[in-house]
Protein chains: 2
Amino acid sequence: MRSEIDPSGQSGKGESAKATPDSERSLIEKVRRAQIIEAAIDVIAARGFAKASMAQIAERAGVSKGVISYHFAGKGELIERTVEQVYEGLGAFVASRLAGQTGTAAWLRVYVGSVAEYMSGHRTQLAALGEIFTHFRTDDGDLRYGIASSERIYTHVEEVFREGQQRGELRAFDTRVMAVSLQAGIDDMFAYWVTHPDHDLTAHARELTDLFWHATRADSRGKS
Amino acid sequence: MRSEIDPSGQSGKGESAKATPDSERSLIEKVRRAQIIEAAIDVIAARGFAKASMAQIAERAGVSKGVISYHFAGKGELIERTVEQVYEGLGAFVASRLAGQTGTAAWLRVYVGSVAEYMSGHRTQLAALGEIFTHFRTDDGDLRYGIASSERIYTHVEEVFREGQQRGELRAFDTRVMAVSLQAGIDDMFAYWVTHPDHDLTAHARELTDLFWHATRADSRGKS
DNA sequence: TCAATTTCTGACCGCATGGCCAGAAATTTA
DNA sequence: TAAATTTCTGGCCATGCGGTCAGAAATTGA
């Protein structure tokens with residue numbers, strides 16, 4: 001068992017091919033893949049995506065270069081599995097915090113707060129993810145995880161906002177712009193934190209929540 | 001006359017060396033430099049920073065590769081001059097619109113609006129700038145135009161916010177977080193527009209202004 | 001006009017990259 | 001134990017990169 005991408009089929013632009021279930025992997029396979037992914041995260045976070053070569057990652061993992069090719073179809077698959085792994089952890093954490101929350105204000109607070117809380121304990125992963133999102137391209141030359149791939153998040157956040165508007169909890173505004181701006185605020189909160197390690201991420205998240213609470217809530221006053 | 005970076009001196013991390021004044025350049029020199037910078041913008045915007053090689057840029061400009069080396073000290077200088085040129089145009093435009101404005105609300109509206117207005121007519125430049133900011137690194141491996149280089153903008157925006165707070169026009173909030181978030185909203189507005197050409201940039205800018213007006217203005221109501 | 005100077009070309013260099021593979025080593029299976 | 005299979009190594013390859021250079025071409029100036 002080597003990779004989970006069919007080398008013959010044209011994977012094209014859509015989702016990746018079906019993953020090989022972990023149960024079909026040997027122990028060594030699982031250990032090596034985890035080890036290599038961890039090394040990739042470290043190297044990408046430390047030296048940037050462009051300088052994170054197979055050789056660098058292999059050296060960091062303490063194996064020879066060929067091992068990566070043996071366990072992954074190529075650099076592309078390695079990166080995609082890396083993103084998946086980080087996202088799974090984050091997604092599960094946020095979803096569990098978000099479950100059972102009602103009201104847009106509470107949703108906003110828990111959403112921003114839980115993302116920040118999780119990431120504060122996974123700083124290296126966060127830095128690597130940022131590098132991958134802005135640098136990793138498909139063979140066509142398009143960003144693999146560009147703004148277009150945020151569409152799912154935007155759509156979901158928009159739904160939350162629209163519900164709030166219908167209940168009269170929120171003022172009238174363009175939900176798409178608000179969703180894009182919220183995501184931008186979160187992304188740059190992390191980017192700022194990565195380059196300013198002493199920055200108080202929790203406080204920033206609280207301020208950001210306040211910011212969007214004031215920006216979205218219904219208000220009797222008119223505008224200037 | 002070749003480049004404006006002293007090949008012997010260690011340029012280090014600071015600002016680039018003094019520029020050679022245009023008056024000391026021959027006509028051919030000026031024309032070629034402009035032509036090459038334009039080609040660089042086109043190629044970077046179209047194919048991404050990583051694939052914008054000297055060969056690609058030279059081909060686009062219709063000259064041989066050596067010409068770039070002849071007129072610029074290296075790829076680094078070419079990129080820095082490109083950024084300078086785009087920024088000069090934007091800076092001059094925004095500054096002229098901002099001159100004489102009083103009050104934070106007006107400042108916010110004019111700031112966001114004028115940046116968007118200028119960029120709407122310089123789409124390719126905008127795309128190239130985005131690529132450069134996220135990819136171009138110094139020899140040390142740091143991003144040449146990373147978040148750290150936004151410090152000047154943050155500081156200035158913070159000042160505007162603090163004035164508004166002192167006049168009682170704005171509520172109490174962390175000015176640093178607000179400045180970072182505003183810049184994030186503007187940056188992602190452009191990023192969204194670059195990938196969604198039909199998106200209404202002017203309307204987005206208006207909504208973004210509203211967003212931050214609601215987020216910052218003083219308010220008698222308490223919070224939830 | 002003709003030498004001095006600027007500008008340009010295209011081949012070439014050293015280097016790093018992702019991927020490949022023959023064969024060695026380790027492990028599993030019978 | 002011995003064969004079959006999985007896992008690993010280290011060198012090799014083609015490719016593309018930024019940069020250099022000798023010499024050709026064009027321009028300038030006396």
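Below, chains carry the letters A, B, ... as their sequence lines are ordered, and counting in each starts from 1. Hydrogens, waters and symmetry mates play no part in the numbers below; they use all other heavy atoms, side chains included. Quick caveat, the model's predicted, so the values are computed rather than measured.
- Following rounding to the nearest Å, B:Glu59 (CD) and C:dT9 (C1') show an atom-to-atom distance of 15 Å.
- Rounded to an integer number of Å, the gap from B:Ile68 CD1 to C:dG10 P is 14 Å.
- For D:dT6, the OP1/OP2 oxygens have no side-chain nitrogen or oxygen of A:His71 closer than 4.0 Å.
- The distance between atom CZ of B:Arg137 and atom C1' of D:dC17, rounded to the nearest whole Å, is 17 Å.
- Here B:Arg32 reaches the OP1 or OP2 of C:dC8: one of its side-chain N or O atoms lies under 4.0 Å away.
- If you measure from atom CZ of A:Arg33 to atom P of D:dT7, you get 12 Å, rounded to the nearest angstrom.
- A:Tyr70 has a side-chain polar atom (N or O) that falls below the 4.0 Å cut-off from OP1 or OP2 of D:dT7.
- Looking only at atom types and distance, the side chain of A:Thr155 has a donor-acceptor partner in the side chain of A:Glu151 under 3.5 Å away.
- Atom-to-atom, CZ of B:Phe72 to C1' of C:dT7 comes out at 15 Å; the value is rounded to the nearest Å.
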Show me the side-chain donor-acceptor pairs of residues 90-98 of chain B shorter than 3.5 Å, one per line, residues at least two apart or across chains.
unit_1  : atom_1 : unit_2   : atom_2 : d
B:Ser96 : OG     : B:Phe93  : O      : 2.7
B:Arg97 : NH1    : B:Glu117 : OE1    : 3.0
B:Arg97 : NH2    : B:Glu117 : OE1    : 3.4
B:Arg97 : NH2    : B:Glu117 : OE2    : 2.9

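- Rounded to whole Å, atom C1' of C:dT7 lies 13 Å from atom CD of B:Gln35.
- Aromatic ring orientation, A:Phe136 versus A:Tyr145: tilted (interplanar angle from 30° to 60°).
- Here the straight-line distance linking atom CZ of A:Arg144 with atom CD1 of A:Ile79 works out to 11.5 Å at 0.5 Å rounding.
- A:Phe72 carries A:Arg33 over the face of its six-membered ring, with the cationic atom under 6.0 Å from the centre and within 45° of the normal.
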Annotated protein contacts, base or backbone, on nucleotides 12-29 of chain C with a non-hydrogen cut-off under 4.0 Å, one of B, S, - each: -----SBB----------
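- Between the C1' atom of D:dG19 and the CD atom of B:Glu77 lies a distance of 14 Å, rounded to the nearest Å.
- For B:Glu29, the listed nucleotide lying nearest its side chain is C:dT7; candidates were D:dT7, C:dT7, C:dC8.
- In terms of heavy-atom proximity, A:Ile57 sits nearest to A:Ile36 at CG2-O, 4.0 Å.
- Distance alone, capped at 3.5 Å, places no donor-acceptor pair between the B:Asp188 side chain and the B:Ala191 backbone.
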